[in-house]
Structures are given as structure tokens and as C-alpha cells.
Amino acid sequence: MKRTRTNLTHQAHYAIRRPWRIPSHLRRLTRDSWLRLRHADHVSYYRAVMKSDIIRGAEGAVGSHNHKRWLALGRLQFDYMMDHGLKPEFRMLEIGCGNLRAGHLFIDYLDRGNYYGIDISPDILISALDKVAEHDLQDKVPHLTSVRDLRFAFLPDGHFDVVHAHSVFSHSPLYVIEECFANIGRILTRDGWFDFTFGRTDGKEHQVLREDFYYRTETLLALADRHHLNATFMDDWANLHKQSKIRITRRS
């Protein structure tokens, strides 16, 4: 069972085992408390968190502590999609594309113009543009867009064969996930699929500092069902990454 990270016993044990992490946690607690006072809604708050994190490095801001790890996590996502039938002619939307940790591989593989990346952080998208140039991907003409929500209002109906969101819902309150579920079916092709990872708990659902959110699998499956979507827990992902994965498809 995955423990509730807000539990005081869990926090005490964690601190005892990793005392060197206490100063950085306190800095994060102070920073996040200040940002919460200044930003009432979650998107504005998390955009400010990203802006702060990017100062210390874009790769760290997307959850990679070094470049080797950045490359490995991007490759993991790419290989998983390839194993599940990704094809060059597919049109793909990556939600929370960040600085193209996996995106640079998707852009290179997909046909010209078939990659779309969106993110709530304009700052991380500047880093994404740098990655496009760094990897000589300009001729692939990727579409990179800053957004404020997950309504996808600017995107056409039935356009995407694959939608992908890695480590996005692990930082999202439930109403953000529901907004995505309410609109994702419109932009998927009939046979398209939407893969997303999430922080899973088997106990009480909770959040930490409004940055990290943990949900029961049953909650997200039921939420998908309410929006007339099919949802499947992806067992073959379970041993690959600490977050869990669910696949969404349109209901016939």
C-alpha cells in the first residue's frame, strides 16, 4: 500500500532516514506557502511554481535531477508508446510537454507537423523551443502552445490519434482532471487513446503543498465513466515508473 505522505508518522520516518533533505523541504514549504497567498487558483499557482523552479534549471523543473535522468525518462515514455503502436502518421498531443523531455523524441519520429505540445508554463515552453533548435527539429514544425486550462477549445474535433500526459495529473487537483475528461473525447479520433500517469494511493486521497496529488485508481476510473469514457489501468507500466498509468478511449 502506498503511504499517505501527509501522515505525520510517515513524514517523521522520512526525515530520520533522509536528514539531508530537510533544508530543501523547508525552503520548498516556505516558497509554496508564499505563492499560495499570491495565487488563488491552481493554474496560476503552479505556473508560479514552475517559474521559480526553472531559475534553477529547466530539466530539474520537469522532475529530472540530472541530464542523464532527463534523457532516460524521455526514452521510457517514447519506448512505451512505440510498444503500444505509435506510428509516424499519427497526430499526437502532449499535455504538459515541458521542455520536451519525451517530446523531442516524438517530434523526431512523427511525420512533419504531427506533434502538438501544450503547457501552462510559458517559461518552460521557451526552453522547449531551445530543445527544438538543439536537436535540429525545426523542419518537423512542432506546434507548441501555452494554455490556461484543459478545455482544448482551440483544437479541432477528432484530430488526435494519441494524447499523452506524463506527470501532469500528479500535480493537479481533481477539478482539473475532470475538465480534461469532459473535453478529451471531442479531440480524439474514433480509435484514438489518451494515456496519463498519476500519483496513486491505496489509502486516503491527499495532496502535499498543492504540488503533489495522490488519487485512488477507482476515483479516476469512475470519473472517466461519468464522462462516458472507457478507462483501463495499464498493468504493463506498473514496474516501469513510480507513477501509475491509465488509458482513456472514446466510448462507442
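By convention here, the first residue in the shown sequence is residue 1.
Although no hydrogens or angles enter the test, the distance criterion places no donor-acceptor pair under 3.5 Å between the side chain of Asp212 and the main chain of Gln207. A donor-acceptor pair under 3.5 Å is absent between the side-chain atoms of His164 and the main chain of Ile95, judged by distance alone. In this structure a side-chain-to-backbone donor-acceptor pair under 3.5 Å is present from Glu205 to Arg216. Side chain of Arg250 to backbone of Asp191: no donor-acceptor contact under 3.5 angstrom is found. Judged purely by atom type and a 3.5 angstrom limit, Gln77 has no side-chain atom pairing as donor or acceptor with the backbone of Ala102. No donor-acceptor distance shorter than 3.5 angstrom exists from the side chain of Ser52 to the backbone of Ala48, with no hydrogens or angles considered.
Figure legend: cation-pi geometry between Arg210 and Tyr45, with NZ or CZ positioned under 6.0 Å from the six-membered ring centre and within 45° of its axis.
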How far apart are the C-alpha atoms of Arg200 and Asp202, what are their side-chain angles, what is the distance that settles it, and do they pass the salt bridge (Lys or Arg N to Asp or Glu O under 4.0 Å) test?
CA-CA 7 Å; Arg200 183 171 62 87; Asp202 297 321; 2.9 Å; yes
Could you give me the CA-CA distance, side-chain angles and deciding distance for Leu86 and Val162, then say whether side-chain contact (heavy atoms from CB on, under 4.5 Å) is met?
CA-CA 8 Å; Leu86 183 68; Val162 177; 4.0 Å; yes
For Met92 and Val163: C-alpha separation, side-chain torsions, deciding distance, then whether side-chain contact (heavy atoms from CB on, under 4.5 Å) applies.
CA-CA 6 Å; Met92 180 179 191; Val163 180; over 6 Å; no
Give the C-alpha distance, both sets of side-chain angles, the deciding distance and a yes or no for side-chain contact (heavy atoms from CB on, under 4.5 Å) between Asp119 and Val147.
CA-CA 6 Å; Asp119 205 288; Val147 298; over 6 Å; no
Would you please test Ser172 and Phe213 for side-chain contact (heavy atoms from CB on, under 4.5 Å) and show each step?
CA-CA 6 Å; Ser172 302; Phe213 291 78; 5.5 Å; no
Derivation of the ring pair (Phe, Tyr, Trp, His ring centres under 6.0 Å) call for His171 and Tyr46:
CA-CA 8 Å; His171 302 298; Tyr46 204 74; 5.3 Å; yes
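A pairwise comparison of heavy atoms in Cys97 and Tyr115 identifies CB-OH, 3.4 Å as the closest pair. Between Gly103 and Glu94, the closest heavy-atom pair is CA-OE1, 3.5 Å. Looking at every heavy atom in both residues, Leu240 comes nearest to Asp236 through CD1-O, 3.6 Å. Across Thr197 and Ser167, no two heavy atoms sit closer than the pair OG1-N, 2.7 Å. Minimum interatomic distance between Pro142 and Val132 (heavy atoms only, all atoms of both residues): CG-CG2, 4.0 Å. Looking at every heavy atom in both residues, Ile120 comes nearest to Arg47 through O-NE, 2.6 Å.
For Arg186, the salt bridge (charged side-chain N to carboxylate O under 4.0 Å, His left out) criterion is met by Asp157, not counting sequence neighbours. Listed by chain and number, the residues in a side-chain hydrogen bond (donor to acceptor under 3.5 Å, both in side chains) with Asp161 amount to none (sequence neighbours excluded).
In this structure, the separation between CD on Glu211 and CE on Met50 is 10.0 Å, given to the nearest 0.5 Å. Between the CD1 atom in Ile246 and the CG atom in Asn230 there is a gap of 12.5 Å [rounded to 0.5 Å]. In this structure, CD1 on Ile184 lies 14.5 Å from CZ on Arg151, to the nearest 0.5 angstrom. Distance CG/Leu93 to CG/Leu155: 6.0 Å, rounded to 0.5 Å. Separating the NE2 atom in His135 from the CG atom in Asp130 is a distance of 10.5 Å, to the nearest 0.5 Å.
Hydrophobic cluster membership is shared by Phe233 and Phe194, with clusters built from Ile, Leu, Val, Met, Phe, Trp and Tyr side chains linked at under 4.5 angstrom. Residues Met234 and Trp193 do not share a hydrophobic cluster, clusters being chains of Ile/Leu/Val/Met/Phe/Trp/Tyr side chains in contact below 4.5 Å. In terms of hydrophobic clustering, with Ile, Leu, Val, Met, Phe, Trp and Tyr side chains grouped at heavy-atom distances under 4.5 Å, Leu73 and Ile107 are assigned to different clusters. Leu137 and Met81 fall within a single hydrophobic cluster, where Ile, Leu, Val, Met, Phe, Trp and Tyr side chains are chained together by heavy-atom contacts under 4.5 Å. Cluster membership check: Val49 does not share its hydrophobic cluster with Ile55, using side-chain heavy-atom separations under 4.5 Å among Ile, Leu, Val, Met, Phe, Trp and Tyr.
Sorted by first and then second residue, the pairs that involve residues 69-80 and meet salt bridge (charged side-chain N to carboxylate O under 4.0 Å, His left out), not counting sequence neighbours, are Arg75-Asp79. The salt bridge (charged side-chain N to carboxylate O under 4.0 Å, His left out) pairs that include a residue from residues 133-142 are Lys131-Glu134, where partners are two or more places apart or lie in different chains. The stretch residues 97-113 participates, sequence neighbours left out, in these side chain to side chain donor-acceptor pair (under 3.5 Å) pairs: Ser64-Arg101, Trp70-Asn99.
Looking at heavy atoms from C-beta onward, Phe160 lies out of side-chain contact with Thr189 at the 4.5 angstrom threshold. Under the 4.5 Å side-chain criterion, counting only non-hydrogen atoms from C-beta, Arg91 is not in contact with Leu110. A 4.5 Å side-chain heavy-atom check between Leu150 and Val176 finds at least one atom pair inside the cut-off. Residues Leu76 and His241 meet the side-chain proximity criterion, which asks for heavy atoms closer than 4.5 Å. Looking only at side-chain heavy atoms (C-beta outward), Leu174 and Leu223 come within less than 4.5 Å of each other.
Between Tyr215 and His206, a ring centre-to-centre spacing not shorter than 6.0 Å is recorded.
At a cut-off of 3.5 Å, with distance as the only test, a side-chain donor of His84 or Arg247 sits close to an acceptor on the other residue. In the model, His227 has a side-chain atom that pairs as donor or acceptor with a side-chain atom of Glu178 under 3.5 Å.
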Can you give each donor-acceptor pair under 3.5 Å made by side-chain atoms of residues 121-129, sequence neighbours left out, with the distance rounded to 0.1 Å?
residue, atom, partner, partner atom, Å
Ser121, OG, Asp123, N, 3.4
Ser121, OG, Ile124, N, 3.1

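Taking the six-membered ring for Trp and thresholds of 30 and 60 degrees, Phe196 and Phe198 have ring planes inclined between 30 and 60 degrees apart. The aromatic rings of Trp237 and His166 stand perpendicular to each other, their planes meeting at an angle above 60°, with 30° marking the opposite boundary.
Applying the ring-ring contact (aromatic ring centres under 6.0 Å, His included) test between Phe106 and each of Tyr80, Tyr116, Phe78, Phe90 identifies Phe78 as the sole match.
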